[in-house]
There are 4 protein chains.
Amino acid sequence: MASQSKTEARRSKILKAAQKVFAHKGFHDATIAEIARAAGVSEGSIYEYFSSKEGVLFAIPLEVTRESHELSQVHLSLIRGAANRLRALVYMYLSLYESNPDYSSVILLTLKQNQKFRETEAYEMIRDGFRNITAIIKSGMANGEFRPDINPYVVRSVLMGAVDHLTTNWLMDGRRGSLTELVDPVLDVVMEGVLTKDPRSASDLHWSAWQRTGRASGPQEA
Amino acid sequence: MASQSKTEARRSKILKAAQKVFAHKGFHDATIAEIARAAGVSEGSIYEYFSSKEGVLFAIPLEVTRESHELSQVHLSLIRGAANRLRALVYMYLSLYESNPDYSSVILLTLKQNQKFRETEAYEMIRDGFRNITAIIKSGMANGEFRPDINPYVVRSVLMGAVDHLTTNWLMDGRRGSLTELVDPVLDVVMEGVLTKDPRSASDLHWSAWQRTGRASGPQEA
Amino acid sequence: MASQSKTEARRSKILKAAQKVFAHKGFHDATIAEIARAAGVSEGSIYEYFSSKEGVLFAIPLEVTRESHELSQVHLSLIRGAANRLRALVYMYLSLYESNPDYSSVILLTLKQNQKFRETEAYEMIRDGFRNITAIIKSGMANGEFRPDINPYVVRSVLMGAVDHLTTNWLMDGRRGSLTELVDPVLDVVMEGVLTKDPRSASDLHWSAWQRTGRASGPQEA
Amino acid sequence: MASQSKTEARRSKILKAAQKVFAHKGFHDATIAEIARAAGVSEGSIYEYFSSKEGVLFAIPLEVTRESHELSQVHLSLIRGAANRLRALVYMYLSLYESNPDYSSVILLTLKQNQKFRETEAYEMIRDGFRNITAIIKSGMANGEFRPDINPYVVRSVLMGAVDHLTTNWLMDGRRGSLTELVDPVLDVVMEGVLTKDPRSASDLHWSAWQRTGRASGPQEA
DNA sequence: CATGAATGAGACTTCATTCAT
DNA sequence: GATGAATGAAGTCTCATTCAT
C-alpha cells in the first residue's frame, strides 16, 4: 500500500526469491546462495533480514496470511449466510493458491512437514483461519441453516481437506486445469449433507440462489 | 506370518527403524547413522539392502501398499453398493493410518510431497488405489445409486482430502482421539450430496441400513 | 613477477601444497584434509577454487606447462640446428624436473596413470610439446642434418623415454646425483645414430662444436 | 607345465583376474569385489591366497618375472656379442609387453610408481634384469665392442626408457600397431652411439650382420 | 549497510577386511 | 577350504553461517 522503505523492498525481494526457490527445490535442497542469487543480493544480506534459513521460510506466509486474513474479513462481512460464507472461503483459498503457485507449494508441500513451523506466529494465523471456519459452521448450526447433528470439525476438515488435496494434486501434476472452477462442485457435494433439508429455513440466506448454479462438471482426473 | 529368511528380517528391521526415524525427523534431518542405530545394524549394512538413503525412504510404502491393496480387494469383493464400498475404503485408510502412525507420517508428510516419489512403483500402487475409488464412484453413477451430475474426481478428492487432512491433524496434534470413529461423520456429510435423492433407487444396495447408524458427533476440535 | 591478487595467491598456495602431498602420497592416499592443512586453509576453501580433488590434481600442470611452453619457445627461437634444439629440449625437461621434484613426481608417477587426465587441457599441452619434438626431428631430416632413414617417432620416444626413465629412477631412489649432467651422455649416445655420417652437411649447425664437449661419465647406477 | 594343484589353479585365476581389473581401473579404483567376480571366486577366498589387496598386486609380476628371467637366461646363453644380446633383451621386453597388455599396464602404470613395490621380491628380480643389462653393456665395453667412453647406466636407461615409453604410448593410444617391429629402429638409433666406430673390432660378434637389416621406418606417430 | 570469501561441521557412501556358517 | 553378509573407518563434498573489508 504505502511506499515501502528501501530496506523493506529488499526484504520483500528476498522473500519472493525464497518462495520461488523453496517451491522448486524444497527447503533442504534450496541453498542460501541460490536464494541470494535469485534475489539479486549477497548471501550475507539475507542474514541482515532474517536470522536463519528457516527464518526465511517461516517469514514467507506471514505477509500473505495477514493480508488474506484482512481481505477475508472484509469480504465475509459483506456476505450473509454460513453456507455462502463457507463457499466464499473455499473460493478464496483456491483462488489464492491458484494465483500463487509458488506460495501454495511452500505452504502445502514444504511448511506442512516442518514441525517447528507449528510454533510460529504464521501458523497461529493459519490456525485462526481454521477456527474461523469452525465458527461459521457453528453459527450455521445455531441459526438453523445447518443441520444440528453435523460435526463442525469434520465438516471443516472435509472442506479444507478437499482444498489441500485438490491443490496438491494440481501442483504436482503440472498445474493443469483450473482450481477455482472446482469450488462449486466441491460445495455442491458437501453442502447437501450440511444444510438442513427444509429449504425454507435457509432460503433467505441466498443459498438457494447460488445452489441453482447447478453442479459443475469438472474435467480433471488423475 | 510365514517365516522370513534372516536377510529378509534384517531388511525389515531397517525399514521399520527408518520409518520411525523419518517420521520423527523428516527425511533430511534423519541420518543414516541414526537409522542404523535404531535398527541395530551398522551403517554399511543399510547399503547392502538399499542403494541410498532415498532408496530406503521409497521402500517404506512398498510392502504396506501391496498388502493393503490385496486386503482391500478381498474386502471390497464382499461389499455391495458403491456407497458402502466408499465407506469401507475410507475406513481402511483411516484404520491403516491410525494403527501405523509412523507410517502415516512418512506417507503424508514426507513422501506425498516428494516429486521423485511420484515416479516410483509404490506411488503407482497408491495411484491405482485412487483410480479404484474413481471407478467405484463411476459405477455408482452408472447404476443410479449416485447422482448423475457429480464430478467423480471431485468426490474422490473430497473423501481422500478429508482422510489426509484428518490424519495429518491427528498426527500433529498428538494423536488424541480416534480416527476411525470419524468415518461415519465424514461419509454422512459427503454422501448426502452424492446419493440420489430418491431413496428407493438405492435401497437394495444396503446404503440405507448403514445410513441408519446416524450422524456421528466427533469430539475433536483444533 | 606481477603482483597476484589475494585470491590468486591462495589458489597458488593450495596448488603448491597439493603438489607436495600428491608427490609424497599419490593421488588416492592424499586427502583433502591433508592438502588443506599443508596449504593453511580450510577444507571447504579448496572447493572454492577447485571443483573436486581431481580438479586440484589436473590444475597442477597447467601453469607449469604453460610457462614451460612459452619459455621453450623463446629459447628454441635462439637456437640453430635440430640437434642443438633437441639437446636444449632434453636439458629443459631434465632441468625442470630436477628443480621441481614434487612436480616431476606428480607428472611422472601420478598423472601418468590417470586415464581422465588424457582429456585435459594440460595433457593437450604436453602432447603439443611432444609434437614439437617430432617436428624438430623432421626438420632435421629435411635439411639433411639428420639421416633420412630414421623414424622420428622412435627417436622422440628414445629421447623422452630416457628423460622419463632417468627422472623416475632419480625420484624413487632418493634424488641422488644430478639429472642435468646426464643431458650430454644421453644426447651423445642417441645423436650418433641420428646425425648424418658426413660431418660437412651439418657442420654449420654448430652440432660439432657442441659434440666436442665430449662424452660424459655418469656416475649413477641402479 | 606340470599339473597344478587345484588351489594353485585358483590362485592363478585370481591373479589373472586381478591383472585384468587393475589394468583397466588402476589399483585404487579396482575393488576386491570386482576381482572376485572376475575370478569367479568369493571375496573371502582372495584373502586365503593373499594377505591384502596390495598383496595381490605385488604377486602379479612374480610368476611372469621369474619365467621371463629364466627364459632370457636361456636365450642369452645362445647369443654372442653384447649388441646382439641387448637387441635380444629389448625384443624380449617389447614382445612380452605386446603379448600381455594387461600385464604391461599393471607393470608400467601401476607398479613402477609404487614405492612399496620397490621393497618387494618381484622388484628385486626386475632390478636383477636391469643389472644384467648393465653387465652386458660393461662386457661390451671391456671387449672393445662398445666405446669405452659411454656411460653404461645412461645407455641402459636410454634403452629401457625407450621400451617403457613406447609401450606406455602404445597402451594408452589403443594398442595400435606393433611394438616388436620397433626393436630395430630403436637399436639402430642407439647402437650407433654405443658401438665402436671401427667395424673390425666388432665384426666377429655378428653385429654387422644384424645391422644390415637396415633401418626400419616405423609408422606410428602420436 | 552490503558483500562474498572463508569456514568447518557433518552427511552420505564406499570398500577392504573379517568371520560365522 | 569356501562363502558372502556384516562391519566401520575414512574420505569427499556441501552449505549455513560468519566477519573482515
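Here is how names work: the chains are called A, B, and so on, in the same order as the sequence lines, proteins then strands, and each is numbered from 1. Excluded from the calculations below are hydrogen atoms, water molecules and symmetry mates; all remaining heavy atoms, backbone and side chain alike, are included.
- In this structure, D/R127 does not pair ionically with D/E121, as no charged nitrogen and carboxylate oxygen lie closer than 4.0 Å.
- Using a 4.0 Å heavy-atom distance criterion, A/R37 is classed as making no nucleic acid contact.
- The separation between A/R11 atom CZ and E/dA2 atom C1' is 17 Å, rounded to whole Å.
- The distance between atom CD1 of B/I35 and atom P of E/dC12, rounded to the nearest whole Å, is 8 Å.
- B/P61 is listed as a side-chain neighbour of B/F117, based on a closest heavy-atom distance under 4.5 Å.
- Contact between the side-chain N/O atoms of B/R10 and the OP1/OP2 oxygens of F/dA6 is found at a separation under 4.0 Å.
- Rounded to a whole angstrom, the distance from the P atom of F/dT21 to that of E/dC1 is 22 Å.
- Here E/dT3 presents its P atom at 10 Å from CD1 of A/I46, a figure rounded to the nearest Å.
- Atom-to-atom, CD of A/E34 to C1' of F/dA16 comes out at 14 Å; the value is rounded to the nearest Å.
- Look at C/K25 and C/D102 and you find no salt bridge, because none of the NZ, NE, NH1 or NH2 atoms lies under 4.0 Å from a carboxylate O.
- Across all strands, D/F50 comes closer than 4.0 Å to no nucleic acid atom at all (heavy-atom distances).
- Ion pairing between B/E43 and B/R37 fails under the 4.0 Å rule for side-chain N and carboxylate O.
- When D/F27, D/F58, D/Y103 are each tested for a ring-ring contact (aromatic ring centres under 6.0 Å, His included) with D/F22, only one passes: D/F27.
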Taking only N/O atoms, report every protein-nucleotides 15-19 of chain E pair under 3.5 Å with atom names and distance.
residue	atom	partner	partner atom	Å
E/dA16	OP1	D/A30	O	3.3
E/dA16	OP1	D/K53	NZ	3.0
E/dA16	OP2	D/I32	N	2.8
E/dT17	OP2	D/Y47	OH	2.7
E/dT17	OP2	D/K53	N	2.9
E/dT17	O5'	D/Y47	OH	3.4
E/dT17	O4	D/E43	OE1	3.3

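- Checking B/L15, B/T7, B/V56, B/V41 one by one against B/Y49, the side-chain contact (heavy atoms from CB on, under 4.5 Å) holds for a single residue, B/T7.
- Checking the phosphate oxygens (OP1, OP2) of E/dA6, a side-chain nitrogen or oxygen of C/Y49 falls inside 4.0 Å.
- Checked by atom type and distance alone, the side chain of B/S52 pairs as donor or acceptor with a backbone atom of B/G55 at under 3.5 Å.
- Summarising the geometry, the separation between CZ on A/F22 and P on F/dC15 is reported as 13 Å, rounded to the nearest angstrom.
- Distance, C/E48 CD to F/dT14 C1': 12 Å, rounded to whole Å.
- Consecutive Watson-Crick or G-U pairs involving DNA chain E, each under 3.5 Å on both distances, make up stems of three or more pairs at E:2-21 with F:2-21.
- In this structure D/T31 satisfies the side-chain hydrogen bond (donor to acceptor under 3.5 Å, both in side chains) test with no other residue, sequence neighbours excluded.
- As rounded to whole Å, 15 Å separates atom C1' of F/dG1 from atom CD of D/E8.
- The main-chain N or O of B/G44 is never found under 3.5 Å from a side-chain atom of B/E48 such that the two would form a donor-acceptor pair.
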